[in-house]
Amino acid sequence: MSQIHVKTIINGDASEFLCAADETLLDVLRDRLDLTGSKEGCASGDCGACSVTMDGRLVCACLVLGAEADGTEITTIEGMATGENLHPLQQAFLDHAALQCGICTPGFLVAAKSLLERNPDPTEEETRYWLAGNLCRCTGYDKIVRAVLDAAKIMRETA
Amino acid sequence: MVTVRLWGSLAELVDGKREIEITATNLRELLEGLGEAYPALKPQISRGVSVAIDGRIYNDTWATPINETSEVVLLNRLVGG
Amino acid sequence: MQFQSPLSVEDAVAFLADDQNARILSGGTDLLVRLRLGHIAPSKIVDIKKIEGMRSITREDGGFRIGAAVSGAEMNENHDLYLAWPGVVEAAGLIGSTQIQGRATIVGNLCNAGPAADSVPALVAASATARIAGPSGVRDVLVQDIPIAPGQTSLKIGELVTSIFLPAQPVNGSDAYLRFIPRTEMDIAVVGCGVSLKLDSAGTVVQARVALGAVAPTVLLVENAAEILIGTQLDDDALSALAEASSSVANPIDDKRGTIAFRKDVSGVLTCRAAKIAYSRAKGTVK
Amino acid sequence: MPKDEFTPRTFSVVGTRPLRPDGIDKVTGRARYGADISAPGMLTGMVLRSPHAHARICSIDTSVAAAMPGVKAVITRADFPVHPENNGTADVLDNCMADKKALYDGHAVAAVAASSRRAALDALATIKVVYEVLPHVLDVDEAMKLDAPILHKGRKQEGVPADVSDNVLTRTEYGHGDPEIGFQMADLVIERQFKTAATHQGYIEPHSCLATLGSDGQGDLWVCTQGHYMARNTCAEILGLDSGCLRVTPSEIGGGFGGKTTVFLEPTALLLSQKSGRPVKMTMTREEVFRASGPTASTSIDIKIGMTKDGTITAAKGDYRYQNGAYEAMNGTLGAMTGFAPYDLDHVKTVGWDVVTNRPKAAAYRAPGAPMAAFAVESVIDELAYKLGLDPIEVRLKNAAREGTKSAYGPTYPAIGLEATLKAAKSHPHWSAPLGENQGRGVACGFWFNFGGDTCVSLMVNPDGTVSLSEGNPDIGGSRAAMSMMAAEELGIPMERVRTIIADTAALGQNEVTDGSRVTFAVGLATIKAARHAIQIMVERAAMTWGIDPEAVEWVDGAAQPAGPNAGKHPPMSLAEIAAIASNTGGPISGHFEVNAEGAGVSFGTHIADTEVDPETGAVKIIRYTVFQDAGKAVHPSFVEGQLQGGAVQGIGWALNEEYIYGKDGTLQNAGFLDYRIPVASDLPMIDTAILEIPNPGHPYGVRGVGETGIVPPLAAVANSVSRAAGVRMTSLPMSPPKVLAALKKM
């Protein structure tokens, strides 16, 4: 099977890789580029643990082929903090104890960031529906939703 | 002598006795004494039991003291998640 | 397996005609799942997203032409489209999570030919047509004629759907789509219902189309819905007759998602609820 | 008599809400879970699984696979070197790799290690297994019948009667008094049968490990597990290795809930590594997780309770029939022990049955066996209260177990917190809030034992006055933070000065699995004792420095200071000061503590659920939910709240939509998150919590385990709420919309 040459920008850095036609973007991120922050919880788009943005659009990396990433811009959890400065959402997740085991956390953060970029002042209901594709089995979502709403408030106040 | 309370299906193995008496001052003596005095209980004891002593549950610690007035209850060996 | 991303419809048709084991990739939200589970082993993946027009929504004859690679999220962000066909947009918007919405397309939803596809009853109620390109040229067919059995379409070898056309929404016309799922999100429809209505200026129904999903091998048009609704203002008698008609036309199966009895009952319930929403939208009381 | 450990005190660190020390790694994606690590030369291991629910394995031909390019090892059960003597371990091995029979859809029959996932998949496709398909049985009541297909012969334990099939492995009876006398005294007796479906723990991280094993028996295993010592001991026993030669390092763990208290892939990965001479990584797909790991029991339960007009329970009987999948487990026994545990009963008898069926081997799931029992018992109590026109909380208060109550499973309770949770629920605004149309309110209690077990902690005082703490239990919900807090509290230094790590199996002695809500209790106890050990050494060093007797030195606010006027006048020596001169006063300072922490306190909770039922579709919406639970002492209240919220939501999922669905052929129909419907964010309201603190006498700070009890009441609380909203008693879980609508139509 011949490999496909793909050029992308990942977290702001130009990135090139070779991949097979059936490799997903998630496979590429985790196994070829060592970006293991995106998690594989289901490989079917049902859990959201591999959430990334592709050209600004929230997607599951497990449902994108590596080859499709050619010419796109990808952002993963690894691109969320700026140096040692956490994104307000990351800080809010810590402040609210919005994670227990933490496996779903990268996906929630990427998805929540995408929400706040489109809707800086979401209601609780809007937040819950936006995040319905991100499964968490530890928290019951309570503290996650509170953290997102609180981060939104902080971001509005400091914007 | 210590009075040991058995669960229902264990009692069936010792002629229906729900309580049996045994000489023991700690958990080790209790478990060994039970097996010797009542061989029918041995298979369950070797599979494992928990012992409630005065309302608290013990599994293994041989030296756990037992008084004559202690309430001693045999339980299935407990597991958790 | 090969990966191709043609830049023209002609090239895409050529790839597909050339290789019967080729698969079209648009949003990929079904294709990649089946690929991963080993349910399919295509020899070629043809990504159509780089073909011009595939990712755009354009006005045409007062209606809308929606490219085959337009995602649910992109439909939802098109305000004019939503105003004209809120039911279709909402149906597309119900397919999967926010993440799925970023990729999934109504053409993919249609061409997978799943009985429970959310957008299909809404498109059928809206009298939408699909434009098909193939080795022998381009043709337009009604959406309801595309799925012929679970997983099977009327498309011929080498053909692909390049766009969906939603006709102009008449004055005093609107639509609605509702589905039933056990959770609030992330499920496949147990019953889906699309309703499209046109009223006269007095609020009396003059045109009606009702379609059901997930209650038969393919999307069902409730044939006598028009007969029941036309001439009424959706009074209680009309609604109960509609519910009855909808429940009796439903021909579902028992499976992991619901029982026959449940699906028949809920078909009637959802049809009435969707009809009421479409009615108030058409009357202009709800936008 | 066990001695009380608890002494009342004020806390400066315990009870606060500091940020978790592993937090930044987890919010930046740096934290390394099971599948996040690679090794040079690593192969991918994959498993071939039975497509049949029950089949004799006639032959397995792996020759084509073994010869394929990129394939470095192929194994079947014949390659496993030993047959473990211990029945439990033999079952674990058989579950990891089938022997003569495949016992469920998804049972492993062969495995390969290859240079890529694709090569491994292609190799699996060439393995030819000849099966003789046998009749299968999935339902517990069916499996108990004498003419049922039999999974194992000769495993019936003493006490199991002859009139049930060999699938029944155990029958256990608990109780006291004579229920038949008690029922005579009742004004109303209700007897009902209940059913619950099998559910899965649903952790988001699939099982994963990376194994290296040499021909000399020296090995390393990186694995996501609730117990790396368990993984080491089990793998060593299965593979005939010296456990000391196998070092197991736990990854960060992406959820477990009991499902990661055993091994599935690990022995196979080690064996593949040994055969191939290369590191082997194995990760389950989500489909494999559902088909081959951890569900809990499905059940069929009969409950009969008698009550007088004033709400006194006069007698109670329960028959708890649980299927545990293809191997022995004790969920039914635990159901029989826990169902009536919240109540003070004169006449009670419960029988538990543990039965095997052609389903995956049940793994523990958060308070194993208890939620289903509570669903059945609490439903009947609710119905009695409803029919007698009594307040359901008052009825429970009237019958509540308290200190001195002889429990339904035998022992007499010490101080317990059930009454406190009921009183808190009764006075909470939720209980008196108005309800709307089609809405109902349900309440239920729950009980769980909690455990302790083998525990080791080492606490090192570093030269700069910081502290390194090693513990041996994977951190599943913030336990590193809790340990740092307890060590800091005891040492009198800021929490940030204590860093806790999870040590590998070679760095610390044996530790029991992270289960039974034991970690904050048992590891906390050992942490406090290890800190006290270090303090004792630091006191000696200060005494030596001052030239006084160690008995004349005490530890106050993080410093040694002379105790009393006779000790002489010396300025206090802080921990950092003592640490700085450790080399001069005898060498490095560390404390440690090893214990089998037994005598953990039992735990109770009460939940209130409000639901709204759509009368036309049977859809149920959770409107409001509040949890009341006794935590003994909440070390980090946010994490305790998180445990209560998470437990409640898992229970809500169990109550409403989660279930293992099988086809007629015995194959699992919903092995994925699409159709195995765990609650999503939009399904739920906020989950309110009220933490009560009734100190556990068995812990120095009064800490009680909190992890499991939270899943016990919700099945019943939601069912009682739905039953009241719908006006019809729901007796079968999940209360999926088709079931609720069918019940409404029958009214």
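Values in this document were obtained by computation on a predicted structure and should not be read as measured data. Residue numbers begin at 1 in each chain, while the letters A, B, ... track the order of the sequences.
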Problem set entry | Region of D:Q201 that comes under 4.5 Å of a non-hydrogen atom in chain B | neither
Exercise. Taking C-beta and beyond as the side chain, do B:V79 and D:L334 meet within less than 4.5 Å on heavy atoms?
Worked result: yes
Problem set entry | Contact leader toward chain D among B:V72, B:V73, B:L10, where contacts are heavy-atom pairs under 4.5 Å | B:V73
Exercise. At what distance, to the nearest 0.5 angstrom, does CE of D:M330 lie from CZ of B:R77?
Worked result: 10.0 Å
Problem set entry | Which portion of B:R18 sits near chain D, non-hydrogen atoms under 4.5 angstrom | side chain
Exercise. Is D:K361 atom NZ crowded by more than 12 heavy atoms from other residues, nucleotides or ligands, each under 6.0 Å away?
Worked result: yes
Problem set entry | Residues in residues 30-43 of chain B that sit under 4.5 Å from chain D, counting heavy atoms only | B:P43
For this session: Of all the heavy-atom pairs spanning B:L13 and D:E158, show the shortest one and how long it is.
Result: CD1-CG, 3.7 Å
For this session: Look at D:G258, D:P414, D:A364, D:P368 and state which one has the largest set of heavy-atom pairs under 4.5 Å with chain B.
Result: D:P368
Exercise. Is there a side-chain contact between B:E12 and D:E173, using heavy atoms and a 4.5 Å cut-off?
Worked result: yes
For this session: Among B:S50, B:A52, B:A11, B:G55, single out the residue with the greatest number of heavy-atom pairs under 4.5 Å to chain D.
Result: B:G55
Exercise. What part of D:R171 is in contact with chain B, defined as an atom under 4.5 angstrom from a non-hydrogen atom: side chain, backbone, both or neither?
Worked result: both
For this session: Determine whether the side chains of B:N76 and D:Y174 contain a donor N or O and an acceptor N or O closer than 3.5 Å.
Result: yes
Problem set entry | Flag side-chain contact, heavy atom, 4.5 Å: D:P411 against B:L75 | yes
Problem set entry | Closest heavy-atom pair and its distance - B:L78, D:F451 | CB-CE2, 3.1 Å
